[in-house]
Amino acid sequence: MEAATLSRIGLAGLAVMGQNLALNIAEKGFPISVYNRTTSKVDETLHRAHTEGPYPLTGHHTPRDFILSIQKPRSVIILVKAGAPVDQTIAALSEHMDPGDTIIDGGNEWYENTERRIVEANNKGLLYLGMGVSGGEEGARNGPSLMPGGSFEAYNNIKDIVEKVAAQVDDGPCVTYIGEGGSGNFVKMVHNGIEYGDMQLISEAYDVLKNVGGLSNAELAEIFDEWNRGELESFLIEITADIFKVKDEHGEGELVDKILDKTGMKGTGKWTVQQAAELSVAAPTIAASLDCRYLSGLKDERVEAAKVLEEAGLKEEVGAVGTGIDKKQLIDDVRQALYASKICSYAQGMNLLRAKSVEKNWNLNFGELARIWKGGCIIRAVFLDRIKKVYQRNPNLASLVVDPEFAKEMVQRQAAWRRVVGLAVSAGISTPGMCASLAYFDTYRRARLPVNLVQAQRDLFGAHTYERVDRPGAFHTEWTKLARKSK
Ligand code: 2AM
């Protein structure tokens, strides 16, 4: 084959994300070779490249043909199911690759798997990147947010491609070299954890507005549209407004009311919470969103619990709380509660990233992370530009909560935030995300917490010792003896 006919890059794994990313790359003018274990998907992709294009895309039915069709040093993106399929695909492809070639895993992979594969690839002279890809099907096709980590040399080999393929915002393409090792996967994992938090907080805002405020779907659509023109402007608020507008084609009313209240999930949110615990970082809003997904899964138990507790005399307080409510005020309060809760959730996510960056020496640039999340990805939002600027001003900021501008916004919103949470508690409408954010705020901002008592208890039953506020050293007290003696 003549050099001129070789592709610039290859992509293996042509499920939804793979197909769309391949077409995006081809559309940007980079000749690409594609491959999939089941060859019908190769032909499907070829067909799309022809009808949506024509774009410079060639299809290959064997790993060998596929690899040999790419110009050296080769860069091959793989987008197959995380876990064993990635190892199997690497084994099938790397057999035909040469030293200096690169494998880029674009799946939602556990970061330690990437770190293992980096070592395995290096042993064969291959370079490796673990690249988080966010934006779903639409993002992959028209501009995702990309989080590549691993070999810097490998990143430089594909920099021109990923910078064209990624979503474009006012301050550049939504891609940057994240750092070494599995940092790209880790950052994508935390992005997903933050996404869980955002979605949970939005669903709570919906719950309060619907069940305490009595808002109809039409009113909710209007409010979310309005919110999307202000400080909450974001992809998730925008799509939420759209969801409320869709009628049910099988019956009366809107489709949203017919959807079973049971959430699916694929695991990145759970990993985020596990990592937070592992690193001793508090991430209560993200944890609350995960717990809520678990509880939602117990649909049958919940239906039963509702019955049992009603028989036990539990009365719904929603009606009582909802009467005489000032709708306009409630809507404005919920908007403010949502915004303040969101700041706390992002503070948790960023602090988790910082803890990991310190542990692994990744040297993560938080301003850059916020910047590449401004477009393409699911959490994209105007508010991320603010976070970017905050970290540019002060890369060592202890928490978003204490950035002077965010601090002022939280203080301005705290009365509304407390009203919404208080109202929800009285009405028996659970708002675990908003409550977790508020408790996080109230715990973090207090110079003195009641854990002096916890320390005393630990010292009493386990002689764990305690420190004093007024003198240095570790102290132990014979609490029981002294207490009984003084009686
Ligand atoms: P398939 O079409 O041949 O099933 C999402 O499932 C993507 O991962 C698909 O492209 C799928 O290929 C691929 N995939 C899943 N398991 C795989 C494996 N063990 N080896 C290669 N590709 C795999």
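In listed order, ligands and their atoms are each counted from 1. Numbering of residues begins at 1 and proceeds along the displayed sequence.
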Undergrad: Which atoms from ligand 1 have a heavy atom of K41 less than 4.0 Å away?
TA: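 Every atom of ligand 1 under 4.0 Å from some heavy atom of K41: 1 (P), 2 (O).
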Undergrad: Regarding N108 and T268, is there a side-chain donor-to-acceptor distance under 3.5 Å anywhere?
TA: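 No, T268 and N108 have no side-chain donor paired with an acceptor closer than 3.5 Å.
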Undergrad: Is it true that E409 and Y339 share a donor-acceptor pair across their side chains at a distance under 3.5 Å?
TA: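 The criterion, which ignores hydrogens and geometry beyond distance, is satisfied for E409 and Y339.
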Undergrad: Assess, by modelled atom type and distance only, whether the side chains of K356 and Y111 contain a donor and an acceptor separated by less than 3.5 Å.
TA: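 K356 vs Y111: donor-acceptor pair found between side chains.
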Undergrad: Should you measure from each heavy atom of T38, which atoms of ligand 1 turn up under 4.0 Å away?
TA: 1 (P), 2 (O), 3 (O), 4 (O)
Undergrad: Can you tell me which residue and heavy atom of the protein come closest to atom 16 (N) of ligand 1, and the distance to 0.1 Å?
TA: P85 CB, 3.4 Å
Undergrad: Which is it for R393 and D403 under the salt bridge (Lys or Arg N to Asp or Glu O under 4.0 Å) test, yes or no, and what are the steps along the way?
TA: CA-CA 10 Å; R393 268 200 306 272; D403 166 71; 3.1 Å; yes
Undergrad: For ligand 1, does T89 get within less than 4.0 Å through its side chain, its backbone, both, or neither, judged by non-hydrogen atoms?
TA: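 It is the side chain that gets close, since no backbone atom is under 4.0 Å.
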Undergrad: Enumerate the atoms of ligand 1 whose separation from the nearest heavy atom of L14 is less than 4.0 angstrom.
TA: 10 (O)
Undergrad: Within 45 degrees of the ring normal and closer than 6.0 Å to the centroid, is that where the cationic atom of K164 sits relative to F30?
TA: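 No, a cation-pi geometry is absent between K164 and F30.
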Undergrad: I need the contact type for R37 against ligand 1. Using non-hydrogen atoms and a strict under-4.0 Å cut-off, is it side chain, backbone, both or neither?
TA: both
Undergrad: Could you establish whether G13 and ligand 1 come within less than 4.0 Å of each other, counting only heavy atoms on the residue side?
TA: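 Distance cut 4.0 Å: G13 passes for ligand 1.
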Undergrad: With no hydrogens and no angle check, just 3.5 Å: does a side-chain donor-acceptor pair link R354 and N396?
TA: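 No donor-acceptor contact under 3.5 Å links the two side chains.
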Undergrad: Taking 4.0 angstrom as the limit and counting only heavy atoms of N36, give me the atoms of ligand 1 inside it, by number and element.
TA: 1 (P), 2 (O), 3 (O), 9 (C), 10 (O), 12 (O)
Undergrad: Please tell me if the side chains of I194 and V190 come closer than 4.5 Å, counting only heavy atoms from C-beta onward.
TA: yes
Undergrad: What residue and heavy atom of the protein are closest to atom 5 (C) of ligand 1, and at what distance?
TA: A15 CB, 3.7 Å
Undergrad: Which atoms from ligand 1 have a heavy atom of Q88 less than 4.0 Å away?
TA: 18 (C), 19 (N)
